[in-house]
There are 2 protein chains.
Amino acid sequence: MPKDGPDLSPPTVLRLSEYLLILEQFSKENKEIISSRELADAYGNNASQVRQDIFRLENSGRLGQGYSTWELAEEIRRTLGLSDIRKVCIVGIGNLGKALATHVPFSDYGMSLAAAFDTSPNIIGKNINDLQVQDFTELSKTIKDKNIVIGAICVPTNVAQSVCDTLVENGVRGILNYSRIRLKAPKHVSIQYQQVICSFMQLSYKVSND
Amino acid sequence: MPKDGPDLSPPTVLRLSEYLLILEQFSKENKEIISSRELADAYGNNASQVRQDIFRLENSGRLGQGYSTWELAEEIRRTLGLSDIRKVCIVGIGNLGKALATHVPFSDYGMSLAAAFDTSPNIIGKNINDLQVQDFTELSKTIKDKNIVIGAICVPTNVAQSVCDTLVENGVRGILNYSRIRLKAPKHVSIQYQQVICSFMQLSYKVSND
DNA sequence: TAGATTGTTAATCGATTAACAATC
DNA sequence: TAGATTGTTAATCGATTAACAATC
């Protein structure tokens, strides 16, 4: 029983987060029990991998009976650290930042968008979802006061590194980077790259080769 | 010498596309030669993996001398199918679609944004980067006429599947999905999921566990 | 030349898939 | 009960890392 300590592999963590969206869907359709096979069909992998992923959780289904949609979702949430509402900020409220702020369902998944920053006077003070866009100069204070640990960088490439530095200085440990440069940050900081152009390139390769 | 046929693993394809951004950077700084070590340092992996990735390409560097920044970039582009300009469309020109249309540097990486669609009369006819947003009803004809093979879905979740179906019917074989549902499509169609909330969840896990 | 660096094979590591007893 | 399904170990597969001869 080597089942303790949180040490899920990155692919497993990614899939768990994606299962959560699917479980949400099933939940809405009032499906209370789901089997590894059904989840696999919805996801596009196989039942064995689903069970292997769920096996890593602290506890899970009922032997021989499938998983309770609700309990499984709850357990995934807990494992991903979403039980206590995690606070997030967005830096740079252009089209992209605005899109994230308005369309990402933070509150459905144990997070809350706690602050948004920009430097443009046209944007500062505007409201997005009951949240007022703040001046970038207030970033340090706000992040510390509100205990924000995750930040999305949606600023132009040339200022991305300096925004990253400021975030890190003030205690942010998870960064979603939409700029096109590779950021330098201390090892304790996790960076997720969202380089849209790279996704298009991957598609180009696939389209060329089958 | 088992070096033919295009059969790069997904992680390798992803990294190659990311190397390309880095090479671009070095190129701008007039660095003409780059070693596997330098590239690895910039990327954040190790020289061995860089060489292994490049080894998969048809040809590459000069033994003992490093890689020509320009030639390597060109070879990656070729391998990813970006030599002949690949045409792309975006469906749904809300904040997100607008952000992609304006900020993704398609033309720097062998692609071209050839069409954009929406259903709202407020948006149809507007110009983005010399491109006029078209009525969604023109999608089928336009995609076929212009030979568009890649599409980004930036529409609300409830219509995403039907947009996907229309794209596939008209010959699109690569889809970037920004909606929150899992799309059903024939096997010859590649789908890349860009579920932003999942990226945030992955960060949450990392932030919780180190 | 000697030091640096690639191309390429081999070794290691990790992730996926298969299998099946235990359970409901 | 019999059929379905999980939990978990073992087997397979693939990706990363190490090593080093060949080359400049």
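First the proteins, then the strands, lettered A, B, ... as listed; each starts at 1.
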* Asked: Within the pair Gln49(A) and dT16(C), is there a side-chain N or O less than 4.0 Å away from OP1 or OP2?
  -> yes
* What closest approach, in Å, do Cys89(A) and Leu167(A) show between heavy atoms, and which atom pair accounts for it? -> SG-CD2, 4.1 Å
* Asked: At under 4.0 Å, does any side-chain N or O of Tyr67(B) touch on OP1 or OP2 of dA4(C)?
  -> no
* Asked: Is the backbone N or O of Ser48(B) less than 3.5 Å from a side-chain atom of Asn46(B), with the two atoms forming a donor-acceptor pair by type?
  -> yes
* Would you find a donor on one side and an acceptor on the other, under 3.5 Å apart, between the side chain of Arg37(A) and the backbone of Ala47(A)? -> no
* Structure fact -> Stem ranges of DNA chain C by first residue number, counting only runs of at least 3 Watson-Crick or G-U pairs under 3.5 Å, come to C:3-24 with D:3-24
* Structure fact -> With the side chain defined as heavy atoms from C-beta on, Asn46(B) is closest, among dA15(C), dT17(D), dT6(D), to dT17(D)
* May I have the distance from Leu16(B) (atom CG) to dA15(D) (atom C1'), rounded to whole angstrom? => 14 Å
* Provide, to the nearest angstrom, the distance between the CZ atom belonging to Arg37(A) and the P atom belonging to dA18(C). => 11 Å
* **No-H, no-angle donor-acceptor pair, Ser9(A) side chain to dA15(C) base, under 3.5 Å** => no
* Roughly, in whole Å, what's the span from CD in Gln65(A) to C1' in dA22(C)? -> 13 Å
* When you check the phosphate oxygens OP1 and OP2 of dT16(C), does a side-chain N or O of Arg15(A) lie under 4.0 Å from one of them? -> yes
* Any N/O donor-acceptor pair, Gln52(B) side-chain to dT17(D) base, under 3.5 Å -> yes
* To the nearest Å, how far apart are Asn45(B) CG and dA15(D) C1'? -> 13 Å
* Asked: Between Arg56(B) and dG7(C), is there a side-chain N or O to OP1/OP2 distance below 4.0 Å?
  -> no
* Are any of Ser36(A)'s side-chain N or O atoms less than 4.0 Å away from OP1 or OP2 of dT6(D)? -> yes
* Asked: Is any side-chain heavy atom of Ser36(B) less than 4.5 Å from a side-chain heavy atom of Ile54(B)?
  -> no
* To do: Of all the heavy-atom pairs spanning Ala185(A) and Cys164(A), show the shortest one and how long it is.
  => CB-SG, 4.3 Å
* Structure fact -> Rounded to whole Å, CD of Glu71(A) lies from C1' of dT6(D) at a distance of 14 Å
* Structure fact -> Nearest heavy-atom contact between Leu21(B) and Cys198(A) is CD1-SG, 3.9 Å
* Structure fact -> Taken to the nearest whole Å, CG/Leu57(B) to C1'/dT6(C) is 14 Å
* To do: Take atom CZ of Phe55(A) and atom C1' of dT5(D), then tell me their distance rounded to the nearest Å.
  => 16 Å
* Rounded distance (Å) that lies between atom C1' of dT6(C) and atom CG of Asp53(B) -> 14 Å
* Candidates dT16(C), dC20(C), dT6(C) - which lies nearest the side chain of Ser35(B) -> dT6(C)
* Sub-4.5 Å side-chain heavy-atom contact between Val88(A) and Ser112(A) -> no
* Select base, sugar-phosphate, or nothing to describe what Arg62(B) touches, counting heavy atoms under 4.0 Å on all strands. => sugar-phosphate
* Asked: Salt-bridged, Glu18(A) to Arg15(A), with N to O below 4.0 Å?
  -> no
* Structure fact -> Side-chain contact check for Ser48(B): nearest option of dT16(D), dT17(C), dA18(D) is dA18(D)
